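Working notes for the structure below.
Source: prediction; values computed, not measured. Numbers here are sequence positions counted from 1.
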Amino acid sequence: MFHVTLKDGSQLPVESSKTLFDLAGDISGGLQRAALAAEVNGEVTELFQTISEDASVNFLTFDDPKGRNVFRHTASHILAQAVKRLYPEAKLAIGPAIENGFYYDIDCEVSFTPEILEKIEEEMRKIVKENLTVERFTMNRADAIAYFAEAGEIYKQELVEDLPEGEEISFYKQGEFTDLCAGPHLISTGAVKAFSLTSVAGAYWRGSEQNKMLQRIYGTAFPKKSELEAYLTMMEEAKKRDHRKLGRELGLFMMNEAGPGFPFFLPKGMILKNLLLDYWHKLHERNGYQEISTPIMLNRSLWETSGHWDHYQDNMYTTEIDEQDFAIKPMNCPGGVLVYQAEPRSYRDLPLRMGELGLVHRHEKSGQLHGLMRVRCFTQDDAHIFMMPEQIRDEIKGVAKLIDEVYNLFGFKYHVELSTRPEDSMGSDEDWEMATDALREALDDLGLDYVVNEGDGAFYGPKIDFHLEDSIGRTWQCGTIQLDFQLPLRFELEYTGADGAKHRPIMIHRVAFGSIERFIGILIEHFAGAFPAWLAPVQVKVLPIADAHHAYANEVAELLQKNGVRVEVDTRNEKIGYKIREAQMSKVPYMLVVGGKECEEGTVSVRARRAADMGSMTKEAFLDMLLEEIKTKKKD
């Protein structure tokens, strides 16, 4: 007999060895039906594996990210099997699970058009219906190379050849199909009930432009058809909200071949950006931050001290000035450290909170660029807090409250993740334990639910990540709080303590928006371009019915402008219905229709984007209503 310790800490006595699938059945039939894989002593494995000694076991369902990965990885193998059945000459590359789905890179002379994808999907349905058992086996390196050479699978052969001598190579087989894979997988193909192939893109083999361009088939998979349909509906809605499309239509920003990955903000986009920056300034002033600005370019020795020159140089833009190497900053933190160093610091100065809206540049590959979401230059709303160890807990709570205020303002839900010490880390056990406990205690004090990501912290310290959820259910990682022992050590930062001795401060790196540009992209999609009145580049459009009403329309606009309202008057010689539709397409919060009656009575006929016809009111009453909405930053 041996004992299995389950996730809730309970122990289950087991009389003899059995598969994890059978063990799940011993616990409950529902768990056996829902389980996709299991975590045994922290390692994810298949349910067909046998357990025969004391172990900790956590069964993984589709609700668990690790379970979803197993499910969708199996779906990628079903895709590859279907392609090989239809096009035996196709050569397979790699096919991992990714966030929200999976893909497979394939070298095939046939172009995977939408019609071909339908054929592949139909073949995948046959494979699922066959409910093929998934089996794992291994080969030594030499046999694996020979196996793929004989099969003509040149990409798989290359992958194996890159593995070290003596490596045991794992394979997974389902029916006639065998693939090189580290696993794990489902126990059979029949569990993948609902899937869809969503798109095809080009992908260079191993990400190198020197290699052949392959076809990458993207797909997604769910246990239930209803879940798949909900996801596809969300994706259709996401297409309508695409910030690149709306940014162009609403005149917010543009991209140009003269600067790939370097966004151009247009006048209305600058209004939106400046409103966010104004809010940032007021928020940080209220929370005791001092604003700084550090140079966009600094010399090589600084980046060597910070570690970026050795570990991040491929992503940095460099140049030479006066026979010295310089780099455009990819991060603001080393500049903030220099500001701290600029004068002696005492324990009385701490905590020292310094905020910076710094323009940073990072060399992203051209294939990774995506509107405002992935760019080569962006404004990072950094802050660096220098403090004593006993101040960590309160400072973390202060930052968490600040980030909570930001996300609530825009109507975002969010969840929190605490990431702990990774294997490749720097610093003492005592420092890590103290810092991680401080983060955990701060989250507990605030009553925030959080998930612990064991081993996913930065090499220099643990961190808290904030993942916000937008209006159609997508999540985005924006806010982060990172504790750092290493930069204060590398730059030999000090403060004089109450004891008169020199001490090393601890540093927090934190962002709320993250990248201002990316946050604007998220906001565009979250609101589908229909920003609340306080944030809208144009808050009101005055629509005169005829030429005779232009003077009164301008009078209304002048009153609004004098009170800080962003307003436009549409004096075009068009019918009023057309003007209203145009204003609605422009996502303007309020439209004021003025005709003869309004001119005589000093009123406006108000149409709201969210509530259509609001009836007639005096222009002064409308102004009071709008100013209150702007002041309170009311959400639609």
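Using cut-offs of 30° and 60° on the angle between ring planes, the pair Phe513 and Tyr279 is tilted.
For Arg345, there are no side chain to side chain donor-acceptor pair (under 3.5 Å) partners, not counting sequence neighbours. The ring pair (Phe, Tyr, Trp, His ring centres under 6.0 Å) check on Tyr218 picks up Tyr103, with sequence neighbours excluded. Taking Asp314 as the reference, nothing meets the side chain to side chain donor-acceptor pair (under 3.5 Å) condition, with sequence neighbours excluded. In this view, His311 satisfies the ring pair (Phe, Tyr, Trp, His ring centres under 6.0 Å) rule with no residue, not counting sequence neighbours. Not counting sequence neighbours, the partners of Lys329 by the side chain to side chain donor-acceptor pair (under 3.5 Å) test are Thr294, Asn332, Glu356. Phe491 is linked by a ring pair (Phe, Tyr, Trp, His ring centres under 6.0 Å) to nothing, counting only residues two or more places apart in sequence or in another chain. Under the salt bridge (Lys or Arg N to Asp or Glu O under 4.0 Å) criterion, Lys587 pairs with no residue at all, not counting sequence neighbours. Under the rule for a side chain to side chain contact (heavy atoms under 4.5 Å, CB included), the partners of Leu627 that lie at least two apart in sequence or sit in another chain are Asn563, Val565, Leu623. Residues that satisfy the salt bridge (Lys or Arg N to Asp or Glu O under 4.0 Å) test with Glu291, not counting sequence neighbours, are absent from this structure. A search for ring pair (Phe, Tyr, Trp, His ring centres under 6.0 Å) contacts involving His284 returns Trp280, Tyr289, not counting sequence neighbours.
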From CA spacing to verdict: salt bridge (Lys or Arg N to Asp or Glu O under 4.0 Å), Arg440, Asp437:
CA-CA 5 Å; Arg440 185 180 287 109; Asp437 286 346; 3.3 Å; yes

* Asked: Taking it one step at a time, do Tyr347 and Tyr495 satisfy ring-ring contact (aromatic ring centres under 6.0 Å, His included)?
  -> CA-CA 6 Å; Tyr347 72 96; Tyr495 68 90; 7.8 Å; no

### Message
One pair to check against side chain to side chain contact (heavy atoms under 4.5 Å, CB included): Leu23 and Val4. What are the steps and the verdict?
### Response
CA-CA 9 Å; Leu23 180 63; Val4 169; 4.1 Å; yes

Checklist entry - How far apart are the C-alpha atoms of Arg376 and Glu364, what are their side-chain angles, what is the distance that settles it, and do they pass the salt bridge (Lys or Arg N to Asp or Glu O under 4.0 Å) test? => result CA-CA 6 Å; Arg376 286 174 169 159; Glu364 303 284 358; over 6 Å; no

**Message:** Could you walk me through whether Asp429 and Arg421 satisfy the salt bridge (Lys or Arg N to Asp or Glu O under 4.0 Å) test, starting with their C-alpha distance in whole Å, then the side-chain angles of each, then the deciding distance to 0.1 Å, before giving a yes or no?
**Reply:** CA-CA 9 Å; Asp429 292 342; Arg421 185 176 190 172; 2.7 Å; yes

Practice item. For Asp484 and His509, run side-chain hydrogen bond (donor to acceptor under 3.5 Å, both in side chains): C-alpha distance rounded to whole Å, both residues' side-chain angles, the deciding distance at 0.1 Å, then the answer. Key: CA-CA 7 Å; Asp484 185 357; His509 305 250; 2.8 Å; yes

Checklist line | Check against salt bridge (Lys or Arg N to Asp or Glu O under 4.0 Å), Lys273 and Glu517 | finding: CA-CA 8 Å; Lys273 185 175 181 179; Glu517 287 74 9; 3.2 Å; yes

- Message: Show, in sequence, the C-alpha distance, side-chain angles and deciding distance for Glu629 and Tyr590, and conclude whether the side-chain hydrogen bond (donor to acceptor under 3.5 Å, both in side chains) test is met.
- Response: CA-CA 12 Å; Glu629 189 173 327; Tyr590 289 102; 2.6 Å; yes

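A distance of 13.0 Å separates CE in Met297 from CG in Leu302, rounded to the nearest 0.5 Å. In this structure, the separation between CG on Leu275 and CE on Met270 is 10.5 Å, given to the nearest 0.5 Å. The CG atom of Asn100 lies 6.0 Å from the CE atom of Met234; values are rounded to the nearest 0.5 Å. Atom CG of Asn408 is separated from atom CG of Leu468 by 11.0 Å, given to the nearest 0.5 angstrom. Summarising the geometry, atom CG belonging to Leu252 is positioned 11.0 Å from atom CG belonging to Leu523; distances are rounded to the nearest 0.5 Å. Note that the CD1 atom of Ile472 and the OG1 atom of Thr233 stand 10.5 Å from one another [nearest 0.5 Å].
The side chain to side chain contact (heavy atoms under 4.5 Å, CB included) with Ile464 is formed by just one residue from the set Ile396, Leu483, Thr480; it is Ile396. Here the rule is salt bridge (Lys or Arg N to Asp or Glu O under 4.0 Å) with Lys397, and of Asp404, Asp444, Asp445 only Asp445 fits it. Of the options Arg474, Arg244, Lys240, a side-chain hydrogen bond (donor to acceptor under 3.5 Å, both in side chains) to Glu525 is made by Arg474 and by none of the others.
Taking 4.5 Å as the limit, some side-chain heavy atom of Tyr312 sits within range of a side-chain heavy atom of Pro330. The shortest distance between side-chain heavy atoms of Ile385 and Val399 falls below 4.5 Å. Taking 4.5 Å as the limit, every side-chain heavy atom of Phe253 sits out of range of all side-chain heavy atoms of Ile520. Proximity of Leu369 to Val375: side-chain heavy atoms (C-beta onward) are nowhere separated by under 4.5 Å. Residues Val57 and Ile51 have side chains in contact (heavy-atom distance under 4.5 Å, counting atoms from C-beta outward). Residues Met388 and Pro505 fail the side-chain proximity criterion, which asks for heavy atoms closer than 4.5 Å. Proximity of Ser28 to Arg33: side-chain heavy atoms (C-beta onward) are nowhere separated by under 4.5 Å. For the pair Glu39 and Lys7, the minimum side-chain heavy-atom distance is 4.5 Å or more.
In the displayed structure, Glu285 atom CD is contacted under 6.0 Å by at most 12 heavy atoms of other residues, nucleotides or ligands. Surrounding CD of Gln11 are more than 12 heavy atoms belonging to other residues, nucleotides or ligands, all under 6.0 Å away.
Checked against the 6.0 Å centroid criterion, the rings of Tyr414 and Phe466 qualify as a close aromatic pair. In this structure, Phe410 has its ring center under 6.0 Å from that of Phe519. Ring-centre distance between Phe412 and His526: below the 6.0 Å cut-off.
Checked by atom type and distance alone, the side chain of Gln539 pairs as donor or acceptor with a backbone atom of Arg566 at under 3.5 Å. Checked by atom type and distance alone, the side chain of Gln313 never pairs as donor or acceptor with a backbone atom of Asp310 at under 3.5 Å. No donor-acceptor pair under 3.5 Å is formed between the side chain of Lys633 and the backbone N or O of Ala533.
When all heavy atoms are compared, the tightest approach of Ala37 to Thr45 is CB-O, 3.4 Å.
For residues 454-465, the set of pairs meeting the salt bridge (Lys or Arg N to Asp or Glu O under 4.0 Å) definition, not counting sequence neighbours, comprises Lys463-Asp465. Residue pairs meeting the salt bridge (Lys or Arg N to Asp or Glu O under 4.0 Å) criterion with at least one partner in residues 498-515, sequence neighbours excluded, are Asp381-Arg510.
Glu417 and His467 form a side-chain donor-acceptor contact under 3.5 Å, judged by distance and modelled atom types alone.
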